[in-house]
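Before any comments, here is the structure.
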Amino acid sequence: MAGEVANGEKKVGSVKVLNTAYVKPKKLIGRKECQLVTFDLPYLAFYYNQKLLLYKGGDDGAVAEKLKDGLALVLEEFHQLAGKLEKDEDGVFKVVYDDHMEGVEVVEAEAEDMDVAELTAEEGFSRFKELLPYNGVLNLEGLQRPLLAVQLTKLKDGLAMGLAFNHAILDGTSTWHFMSSWAAICSGASSVPVPPFLERTKARNTRVKLDLSQPSDAPEHANSASDAAPVLRGKVFKFSASAIDQIKSKASAAAPKPFSTFQSLSAHVWQAVTRARQLGPTEYTVFTVFADCRKRVDPPMPESYFGNLIQAIFTVTGAGLILSGPTEFGAGLIRGAIESHDAEAIKKRNEEWESKPVIFEYKDAGVNCVAVGSSPRFQVYEVDFGWGSPESVRSGLNNRFDGMVYLYPGKNGGGSIDVEISLEAKTMEKLENDKDFLLEP
């Protein structure tokens, strides 16, 4: 069910906005509400999570309508994305959908001078801004605006699909579950292949009152005036399957048990970024990973659990220890931190947070940090709406800080991995000339 609300054209940079519509579930489903749980709440002061998918094809006139029709169908199952955040009388946040709500915001636009190859080759991220909705919008604003916004920009020879998801209601696993389901419906599936598991209180059912009601209550707004943000550069480093094998072999050479791809690659990145930052041996550095807890909680939750079921896992050490030895040292720290984060550790973290809730800024990941989000396990190149796989999948501008890393599978598959890193400009210059990091002779 799509409602057209605006047809006035306007230009944003080289992108011309043609139309804004709102899409809600095709059939009436009444009022549905679900309390946000402890796994969700820390992300209220993060920004909307942005993804950009670039497609060759998908640029004929009927595509936007096909996508909106498919979206109306998939939202029957994923109706929370068509809703809003609300607070109950006790100050507890919940996600609510009702048939009278406007639904998902869908902007149609065109950029006739941009082509897919040029955007796919783009190593940074600043050019993507005009292709993405909700730049600089906090998740807390989901009290007033849609929880999902989509921008469909027709390019010279393809389509840019920019998306902004409210991170307070879902994590990466749920994001790509939704995207693959939407693509399946558009490609002819009669129903969502794996319906979402919407009972998030099965993972944690503690009611936490938060004194947040508007964006200015978030810590980001309190600090933004005084903190001069460093100039960041972003770059994608593409590691082939053979390069990944080399990194794993090096990390595991003297280890009693081989390290995983994630542990080996993370240690490789952590060491190289620490080297590029030129940290002194006694300076601390933190590695942070946002770990999926679906199979770690007790009882375990299904893979289809819809919501945030992640926790940040931190490990800290001296820069000298990371730099002086082989990557085996960093990989061992990462493995130890991840393996010890079991159901008991998760429960303890939740209880500590519930007794004294802290709303984090998106960049509160630790001193001199390397923080890894996303996962090469997400099948992002299988999101095919009927005109082929994406040429490129990238993260947007929101939630980037010095040391933020996104991992995606490489376009060619086979175990290749794209490492998307944001760093201060002078650090990035050193990293992109680091032959050990690039595995150059």
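This structure is a prediction, so every number in the text was calculated from the model and none was measured.
Remark: Lys250 is not positioned above the aromatic ring of Phe259, lacking an NZ or CZ atom under 6.0 angstrom from the ring centre and at most 45 degrees off the axis. Remark: Arg400 is positioned above the aromatic ring of Phe125, its terminal NZ or CZ atom under 6.0 angstrom from the ring centre and at most 45 degrees off the axis.
Within a 6.0 Å sphere centred on CD of Glu33, heavy atoms belonging to other residues, nucleotides or ligands number more than 12. Within 6.0 Å of atom CZ in Arg377, 12 or fewer heavy atoms from other residues, nucleotides or ligands are found, so the atom counts as exposed in its surroundings.
Applying the salt bridge (Lys or Arg N to Asp or Glu O under 4.0 Å) criterion to Arg277, with sequence neighbours excluded, gives Asp402. Residues that satisfy the ring-ring contact (aromatic ring centres under 6.0 Å, His included) test with Tyr134, not counting sequence neighbours, are Tyr48. Residues satisfying the salt bridge (Lys or Arg N to Asp or Glu O under 4.0 Å) test with Arg127, not counting sequence neighbours, are Glu118. Taking Trp353 as the reference, nothing meets the ring-ring contact (aromatic ring centres under 6.0 Å, His included) condition, with sequence neighbours excluded. With sequence neighbours excluded, no residue forms a salt bridge (Lys or Arg N to Asp or Glu O under 4.0 Å) with Arg349. Residues that satisfy the salt bridge (Lys or Arg N to Asp or Glu O under 4.0 Å) test with Lys235, not counting sequence neighbours, are Glu123, Glu432.
Counting heavy atoms from C-beta outward, Glu303 and Lys295 have side chains that approach closer than 4.5 Å. Between Phe306 and Arg200, the closest side-chain pair of non-hydrogen atoms falls below 4.5 Å. You'll find the side chain of Leu119 reaches within 4.5 Å of the side chain of Phe128, heavy atoms only. Side chains of His79 and Met101 form no contact here, defined as non-hydrogen atoms less than 4.5 Å apart.
Side chains of Asp88 and Gln35: a donor-acceptor N/O pair is absent below 3.5 angstrom, by distance only. Residues Asn135 and Gln50 bring a donor and an acceptor atom of their side chains to less than 3.5 Å of each other. Side-chain contact check for Ser181 and Glu77: no donor-acceptor pair (N or O, by modelled atom type) lies under 3.5 Å. Between the side chains of Ser395 and Lys51, at least one donor N or O sits under 3.5 Å from an acceptor N or O.
Shown here for Ala203 and Leu309, the closest heavy-atom pair between the two residues is CB-CD1, 4.0 Å.
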